[in-house]
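First comes the structure, then the notes that go with it.
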Amino acid sequence: QGAVLRRICGLAVDGPVTMKDRANKTGGSGNHGPAAGIAARDMARAAATEAARQAKLDSFHILDTPPEQDFDTITWLAQSLLGCPVAVVSLVDRDRQWFKSRQGIDLAGTPRSDAFCAHAIHDEDVMVVEDATRDPRFADNPLVTGEPGVRFYAGVPLRPASAGHDDDLPAIGALCV
């Protein structure tokens, strides 16, 4: 399924999907001494990276736009080829994820705090959750414990090229099933 999602994802972006090296650079732990300084720098770097990622998303002027056949074709293909009940193109905004296209689900989006895609945008490749009820990141998630009852999730980060924006930023969203 991951290979199919990657191929479909290539149709959804202008240019290649780039991969990001997410090596852990925290340099230590604790709340004092040199490690505290490193942690503060990491937090500042993370905030700057998120601001740049959000600016890249905003540059596309795509949030809250009407449905588009190209995106609907991509989600229909993902749903059909993978035999999954749900497929969406999710864009991760400041405090929400918004579904540019969706198949098999009535929700137009969710709070970012509940979004599986908010995790997937930081992955290099397909993020797969085999059983959300057993994954500590998602076991208490309202999308798992309530409707729609998510159990399986696979999402490919969307990293379209955009002039003036770093291609190595976290993704702006995900194509997911």
Side-chain angles (χ1 to χ4, degrees), residues 2 5-26 39-79 86-129 137-138 141-143 148 150 153-177:
L5 268 176
R6 281 189 293 275
R7 284 198 310 271
I8 294 169
C9 182
L11 300 174
V13 296
D14 295 328
V17 176
T18 61
M19 301 303 166
K20 182 174 183 191
D21 176 20
R22 291 191 331 128
N24 183 359
K25 299 178 184 177
T26 60
R41 283 193 304 274
D42 286 348
M43 289 175 57
R45 187 177 305 121
T49 298
E50 175 56 22
R53 187 202 69 79
Q54 184 67 49
K56 183 175 183 177
L57 172 59
D58 292 343
S59 76
F60 288 101
H61 305 287
I62 195 169
L63 292 170
D64 302 311
T65 57
E68 295 179 49
Q69 185 61 45
D70 290 342
F71 288 98
D72 291 343
T73 298
I74 291 165
T75 53
W76 178 83
L77 282 169
Q79 180 188 40
V86 174
V88 302
V89 169
S90 171
L91 300 173
V92 180
D93 198 6
R94 287 167 185 82
D95 58 358
R96 66 180 175 144
Q97 74 172 338
W98 176 71
F99 300 150
K100 174 60 181 165
S101 177
R102 61 188 188 267
Q103 304 291 330
I105 191 168
D106 291 330
L107 295 173
T110 71
R112 184 172 177 166
S113 59
D114 296 342
F116 284 65
C117 295
H119 295 264
I121 64 172
H122 296 284
D123 276 6
E124 296 176 20
D125 202 359
V126 179
M127 181 182 111
V128 176
V129 177
R137 297 171 296 176
F138 306 112
N141 186 306
L143 300 173
V150 174
Y153 171 91
V156 176
L158 300 175
R159 290 190 176 88
S162 178
H165 296 280
D166 186 354
D167 288 337
D168 204 31
L169 291 170
I172 62 170
L175 169 64
C176 59
V177 295

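Owing to the predicted nature of the structure, the values given are computational and were not obtained by experimental measurement. Side-chain atoms are counted along with the backbone in the values below, which use heavy atoms only and exclude waters and symmetry mates.
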With sequence neighbours excluded, residues passing side chain to side chain donor-acceptor pair (under 3.5 Å) with Thr65: Lys100
Which residue pairs pass the ring-ring contact (aromatic ring centres under 6.0 Å, His included) test when at least one of the two sits in residues 153-177, sequence neighbours left out? Phe116-Tyr153
In chain order, what residues pass the side chain to side chain donor-acceptor pair (under 3.5 Å) check against Ser101, with sequence neighbours excluded? Asp72, Thr75
Okay, side chain of Lys56, backbone of Pro160: is any donor-acceptor separation there less than 3.5 Å? yes
Salt bridge (Lys or Arg N to Asp or Glu O under 4.0 Å) with Glu50: which residues, sequence neighbours excluded? Arg53, Arg112
Those residues that, when tested against Asp64, pass salt bridge (Lys or Arg N to Asp or Glu O under 4.0 Å) (two or more places apart): Arg96
Using side chain to side chain contact (heavy atoms under 4.5 Å, CB included) as the criterion, list what pairs up with Pro142, not counting sequence neighbours. Asp114
Excluding sequence neighbours, so at least two apart, what forms side chain to side chain contact (heavy atoms under 4.5 Å, CB included) with Arg94? Gln54, Asp58
Closest non-hydrogen atoms of Pro157 and Gly155, given as atom of the first, atom of the second and distance, are CD-O, 3.8 Å
Looking only at heavy atoms, the pair that brings Ala161 and Phe60 closest together is O-CZ, 3.7 Å
Does the Arg159 side chain pair with the main chain of Leu169, one donor and one acceptor, at a distance under 3.5 Å? yes
Measure the CG-CG distance between Leu63 and Asp93 for me, rounded to the nearest 0.5 Å. 4.5 Å
